[in-house]
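This report concerns only the one structure given below.
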Amino acid sequence: MSEPSGDRILVTGALGQIGTELVEALRQKHGSSSVIASDIRPEPEQTSNEQGPYVVLDVLDTESMIELCRQEAVGTVYHLAALLSATGEQNPDLCRKVNVGGTKSVLEAARQCSLRVFSPSSIAVFGPDAPKHAPQTTDFNPTTVYGETKVIGESLAQEYFQKYGVDTRGIRYPGLISYKAPAGGGTTDYAVEIFDAAIREGHYNCFVRPDTRLPMLYMDDAIRATLMLMDAPSGNLGPSRAGYNIDCYSFTAQELADEIAREVDGFQCDFSPDVRQKYADSWPDSLDGSVAKQEWDWSPEFDLQKMVRAMLDGMTKK
Ligand code: NAD
Ligand code: SER
């Protein structure tokens, strides 16, 4: 693996649910000017002193990305630009174009500019035939287009690592729960929307059945996992480096609603499943994260109760 040509960081899809918090964490760790946030959307109004450089960048524009990485001495890319599952199933061609094309574009820039790459995968790589407690390796037969793009993304990252020595790393994020930026059109968005509805209206109409169980993680844990994986010595990482299962927690939509009701007086949740139920049903209930535990010592800090309290505290202050 060749040494990165610079030590600055580029984040694609930086205005999204994860990017909003990852950019903040990276700027705290490396300094604001070292982290270039980018997205296809224009920069929103400056909201804090932590703000640093921002560029409008379409991840499909490989030449502009390469030019930017060369000019700005970028050494690492956190590639977050993508369409999530619910939006992706409504626009399958665009989902393939952005998710597969964007990942290929970033990997090609990485090959030409000696960049390290973090490119997230998802629990959506698993299909209904996978064990419900999903192992690190099994047959990957996703039934969503989004899941297909994530399987291809992991394969591309493996290929660039093996053929060209690009240092690629990734996590199969479970559903991520946070309040600083809105969730971006995924199936697991109910576990985010429910908090806002509970606080504002005391009621939520949930779009999956009450017994729907999915793996989930609070954003603070997801950011910590991301930084830990990127700090791990490359030699410690085995063949799962492009898409680690990580230990997280699993709960049903009913269990989440009950936990919120313990904290928010009078909160009530109804359930009216829509098309997203089918995507949720095709995914695992929980993940076996033992490989990530072994190779880079990952374990989460937030469980359901701690996460619900942190969400309600954070949203109330916001
Ligand atoms: P998000 O939808 O909130 O943000 C994605 C961002 O990408 C948006 O700001 C959007 O404007 C941008 N974007 C879209 N097309 C673009 C393009 N052509 N060029 C540049 N930017 C573009 O998504 P997120 O939740 O922050 O997810 C980030 C990554 O993590 C994705 O790869 C997603 O699949 C993965 N992931 C997220 C979750 C989750 O629960 N949030 C779970 C598993 C995996
Ligand atoms: N949280 C994501 C989604 O629901 C899973 O990758 O699309």
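All ligand and atom numbering here is 1-based and tracks the order in the structure. Hydrogens, waters and symmetry mates are skipped; everything else that's a heavy atom, side chains included, is used.
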[atom] - nearest protein heavy atom and its distance:
atom: atom 2 (C) of ligand 2; value: T188 OG1, 3.9 Å
atom: atom 34 (O) of ligand 1; value: Y146 OH, 2.6 Å
atom: atom 14 (C) of ligand 1; value: A82 O, 4.1 Å
atom: atom 15 (N) of ligand 1; value: V98 CG1, 3.8 Å
atom: atom 30 (O) of ligand 1; value: I18 CD1, 3.3 Å
atom: atom 28 (C) of ligand 1; value: L80 O, 3.2 Å

Would you check if there is a donor-acceptor pair between the side chains of [Y] and [X] at a distance under 3.5 Å?
X: Y244; Y: K293; result: no
X: N205; Y: D270; result: no
X: E193; Y: Y204; result: yes
X: T187; Y: S85; result: yes
X: Q17; Y: S178; result: yes
X: T212; Y: Q277; result: yes
X: T62; Y: S105; result: yes
X: E108; Y: Y160; result: yes
X: T226; Y: Y173; result: yes

Give the atom numbers and elements of ligand 1 that come within less than 4.0 Å of a heavy atom of [X].
X: L15; result: 9 (O)
X: Y173; result: 30 (O), 36 (N), 42 (C), 43 (C), 44 (C)
X: L57; result: 19 (N), 20 (C)
X: P120; result: 29 (C), 30 (O), 32 (O)
X: G184; result: 2 (O), 3 (O)
X: D58; result: 17 (C), 18 (N), 19 (N)
X: G16; result: 1 (P), 3 (O), 4 (O), 9 (O), 26 (O)
X: R41; result: 8 (C), 9 (O), 11 (O)

Report task. Decide whether a cation-pi geometry holds between R241 and F161; the criteria are a distance under 6.0 Å from NZ or CZ to the six-membered ring centre and an angle within 45° of the ring axis. Result ->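 Checked: cation-pi criterion met.
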Requested in this report: Measure from NZ or CZ of R276 to the centre of the six-membered ring of F207 and say whether it is under 6.0 Å with the direction within 45° of the ring axis.
Outcome: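 Geometry flag: set, cation within 6.0 Å and 45°.
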Query raised in the report: Mind checking whether Y173 has an N or O less than 3.5 Å away from an N or O of ligand 2?
Result: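 No; every N/O pair is 3.5 Å or more apart.
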Query raised in the report: Between W283 and ligand 2, does any nitrogen or oxygen pair lie at a separation below 3.5 Å?
Result: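 Min N/O separation from ligand 2 is not below 3.5 Å for W283.
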Residue [X] vicinity, atoms of ligand 2 by number, heavy atom under 4.0 Å:
X: S85; answer: 3 (C), 4 (O), 7 (O)
X: T187; answer: 3 (C), 4 (O), 7 (O)
X: S122; answer: 5 (C), 6 (O)

Query - Verdict with reasoning, F271 to V208, per side-chain contact (heavy atoms from CB on, under 4.5 Å) - result: CA-CA 6 Å; F271 297 87; V208 295; 5.7 Å; no
Can you find an N or O of [X] that's nearer than 3.5 Å to an N or O of ligand 1?
X: L176; result: yes
X: L84; result: no
X: A183; result: no

Query raised in the report: Quick one: does T143's side chain get under 4.5 Å of Y279's, heavy atoms only?
Result: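 With C-beta onward as the side chain, the pair stays apart.
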Query - D39 near ligand 1 by a heavy-atom separation under 4.0 Å - result: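 Contact present.
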Query raised in the report: Hey, is K150 one of the residues with a heavy atom under 4.0 angstrom from ligand 1?
Result: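 It does, in that a heavy atom of K150 comes within the 4.0 Å cut-off of ligand 1.
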Report task. Look at atom 19 (N) of ligand 1 and find which of V59, I123, L217 reaches it with the closest heavy atom. Result ->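 It is V59 whose heavy atom sits nearest to atom 19 (N) of ligand 1.
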Query raised in the report: Which option out of A14, S121, G186, P174 puts a heavy atom nearest to atom 38 (C) of ligand 1?
Result: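 Looking at heavy atoms only, the winner is P174.
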Query - E148 vs R96, salt bridge (charged side-chain N to carboxylate O under 4.0 Å, His left out): CA-CA, chis, key distance, verdict - result: CA-CA 8 Å; E148 282 169 25; R96 288 191 185 95; 3.7 Å; yes
Requested in this report: Kindly state whether the ring of F126 and the ring of F140 have centres lying under 6.0 angstrom apart.
Outcome: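 Ring centroids of F126 and F140 are less than 6.0 Å from each other.
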Query raised in the report: How far apart are the C-alpha atoms of Y164 and L107, what are their side-chain angles, what is the distance that settles it, and do they pass the side-chain contact (heavy atoms from CB on, under 4.5 Å) test?
Result: CA-CA 10 Å; Y164 308 116; L107 291 169; over 6 Å; no
Query - Within reach of ligand 1, part of Q17 (heavy-atom separation under 4.0 Å) - result: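 Both the backbone and the side chain of Q17 come within reach of ligand 1.
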